[in-house]
Amino acid sequence: MSFPLLTATAALPALGAVATAAVPAARRTAAKWLALFVSLATLALGITVLVRFDPGGDRYQLTESHAWIADFGVRYELGVDGIAVALVALTALLIPFVILAGWHDADPLETGSKRWRPTQGFFALILAVEAMVIISFEATDVFLFYIFFEAMLIPMYFLIGGFGDRAHQHGDKAAATQRSYAAVKFLLYNLVGGLIMLAAVIGLYVVAGNFSLAEIAQARANGSLHMATNTERWLFLGFFFAFAVKAPLWPLHTWLPNAMQESTAPVAVLITAVVDKVGTFAMLRFCLQLFPEASKWATPVILVLALISIIYGALLAVGQRDIKRLVAYASISHFGFIILGIFAMTSQGQSGATLYMVNHGISTAALMLVAGFLISRRGSRLIADYGGVQKVAPVLAGTFLIGGLATLSLPGLAPFVSEFLVLVGTFSRYPAIGIIATFGIVLAALYTLVLYQRTMTGPVKPEVAAMPDLRPRELLVVAPLIVLLIFLGVYPKPVTDIVNPSVKQTLSDVHKKDPKPSVEAAK
């Protein structure tokens, strides 16, 4: 029996979460180092999965299958395609940086304070989220996926509600109320989506008789499983609704700005760079594979919603006064691009969307973590409270600028390639939508450059005059992310080579081919 590599990749952070939570209360530092060690070991396993995956091999590789709830056709089935491999690697990569960036975010607030923030719990919850996200990417049994898709809400709820922005934690009851509101809103939105999906999961079992993604897709392909048109459409809507909440897609997005604003910067990264990717990934894996005809039926409406997300999110980002809310609305715009690429139903669009998931995770992590370092120094999230930072903390300002330029998809940085592919893939089939979507790039340049100008340039405000530059630990967090942004910006081939075969298979599932170029020959 071969080593269960996929199980190990998810089980290690789960066991690490239990071990970290069990560390004695007085040994906070030991808990931090244990969590960091577990995250690095998980990264090593994630790299092993990446190395062992053969892009030219079977669709699902490193598979595991065991009986679980036999009476209801539920199996413990894992497997990864190129899209899942890329996102497992992204998750394993980002968690060590999240832990390092949040090294002091769960320490006691002040000397002699009677309030106590459970350090062990903070890092244990991060590892628990990592475990659930990874197994969600690996699960090929629909019921198994659903369990962890919903279970990850619990640790995220406590991370948002119990560990808020340190700049507003010194006995401020109003801040605690806002934090609780953001956590409850996050939980309720996603629970409603999950309950609707549960109804669709049950409906799928009634129709198909099992939960195996591979078996259902195969049965649909060979004609042994037929779904009535209305049945398929209702089931598709049940799945898609839950994924659109998680992604998030307009108008189901309103929980995200509140959650990111009230979270610590590392938790905000966990939300938008890791957890939200499960929603867009699941659109590719489950919506398109299980319900190909319904996916094509819903495409026009979904493309319009994605377009609204792109423009709406960017416009609201332009008008934000809070740094974290600005990044949140920018992410809503970026998720609009990802969903646009998925439902453009072209190889360029879906390759770009998958690449965008990876690149957005890295660029948002870089920008938000540097923003968190900035906010922790000044004690304020408001853009107006800054000015002239580049003169007193040039390294901090420089890394903030690179993260911002990646957010606006500057050529030479990783998100440019993915955004370009999404737009090319969309334009080739839906030229009007592709043209309108390009305005999101213009707005991204506006909100990013205005943010940098107002915080980093101009006269040095007295409150930031003594601001220290990035410390070694903070540089260790940011520098690798900046290097990755540049490397994948000039050489994205390692990622595209992995995801392209899976994208072609997904297009085949929905019986779509790339449109032929309609260029009149020169006379």
Side-chain angles (χ1 to χ4, degrees), residues 13-14 17-18 20-21 25 28 31-32 35 95 98-99 101-110 113-133 148-195 242 245-246 248 252-276 278-279 322-325 327-328 331-332 368-369 371-372 375-376 379 381:
V18 175
T20 301
R28 296 192 308 274
K32 297 176 186 180
I95 296 302
V98 167
I99 289 174
W103 200 252
H104 297 298
D105 285 357
D107 289 347
L109 288 169
E110 57 192 30
S113 173
K114 294 182 180 179
R115 295 187 62 197
W116 175 260
R117 308 186 78 204
T119 305
Q120 289 83 342
F122 179 74
F123 292 102
L125 289 170
I126 291 174
L127 291 175
V129 172
E130 179 182 23
M132 293 175 185
V133 169
F148 290 98
F149 179 81
E150 286 293 276
M152 69 179 71
L153 301 180
I154 304 305
M156 285 306 309
Y157 168 79
F158 288 109
L159 284 169
I160 297 168
F163 301 92
D165 192 337
R166 291 182 68 84
H168 299 82
Q169 294 303 306
H170 293 272
D172 191 336
K173 293 183 179 179
T177 301
Q178 292 173 1
R179 195 168 68 251
S180 297
Y181 170 78
V184 170
K185 188 174 184 179
F186 161 82
L187 187 64
L188 289 179
Y189 266 67
N190 284 274
L191 276 178
V192 169
L195 289 173
V245 172
K246 184 85 78 178
L252 306 171
H253 67 284
T254 59
W255 62 268
L256 182 64
N258 297 96
M260 289 186 66
Q261 174 183 303
E262 298 303 326
S263 300
T264 64
V267 172
V269 169
L270 199 62
I271 295 170
T272 191
V274 177
V275 171
D276 288 354
V278 178
D322 184 298
I323 296 174
K324 288 185 177 180
R325 288 185 74 89
V327 178
S331 291
I332 291 169
M368 178 56 80
L369 292 178
I375 292 167
S376 68
R381 300 190 302 254

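All values derive from a computational prediction rather than experimental measurement. Atom set for the values below is all heavy atoms of this structure, side chains included, hydrogens, waters and symmetry mates excluded.
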For Val133 and Phe148, run side-chain contact (heavy atoms from CB on, under 4.5 Å): C-alpha distance rounded to whole Å, both residues' side-chain angles, the deciding distance at 0.1 Å, then the answer.
CA-CA 7 Å; Val133 169; Phe148 290 98; over 6 Å; no
Arg325 side, atom CZ; Leu256 side, atom CG - distance, nearest 0.5 Å:
9.5 Å
What distance do Asn190 atom CG and Lys246 atom NZ have between them, rounded to the nearest 0.5 Å?
4.5 Å
d(Asp105 CG, Phe122 CZ) to nearest 0.5 Å is 5.0 Å
Side chains of Leu125 and Val129: does their closest heavy-atom pair fall under 4.5 Å?
no
Do Val245 and Val192 have side chains that get closer than 4.5 Å, going by heavy atoms?
no
Which atom names give the shortest non-hydrogen contact between Thr254 and Lys185, and what distance separates them?
O-NZ, 3.4 Å
If you take all heavy atoms of Asp276 and Pro248, which pair is closest and at what distance?
OD2-CD, 3.8 Å
Determine whether Met152 and Val278 satisfy the following criterion, side-chain contact (heavy atoms from CB on, under 4.5 Å), listing intermediate values before the conclusion.
CA-CA 11 Å; Met152 69 179 71; Val278 178; 4.1 Å; yes
Spacing of Ile375 atom CD1 and Asp322 atom CG [to the nearest 0.5 Å]
7.0 Å
N/O donor-acceptor pair under 3.5 Å between Trp255 side chain and Leu188 backbone:
no
Side-chain heavy atoms of His104 within contact of Arg28, under 4.5 Å
no
Minimum-distance pair of heavy atoms, taken over all atoms of Ser263 and Ile271
OG-CD1, 3.8 Å
When rounded to the nearest 0.5 angstrom, what distance separates CG in Asn258 from CD1 in Ile160?
10.0 Å
For Glu150 against Gly194, the heavy-atom pair lying closest together
OE2-CA, 3.3 Å
Ignoring hydrogens, what is the shortest heavy-atom contact between Gln261 and Lys324? Give both atom names and the distance.
O-CD, 3.7 Å
Minimum heavy-atom separation for Ala131 to Ala14, with atom names?
CB-N, 3.6 Å
I would like to know whether Lys32 and Thr20 meet side-chain contact (heavy atoms from CB on, under 4.5 Å); could you show each step before the answer?
CA-CA 8 Å; Lys32 297 176 186 180; Thr20 301; over 6 Å; no
To the nearest 0.5 Å, how far apart are NE2 in His253 and OH in Tyr189?
8.0 Å
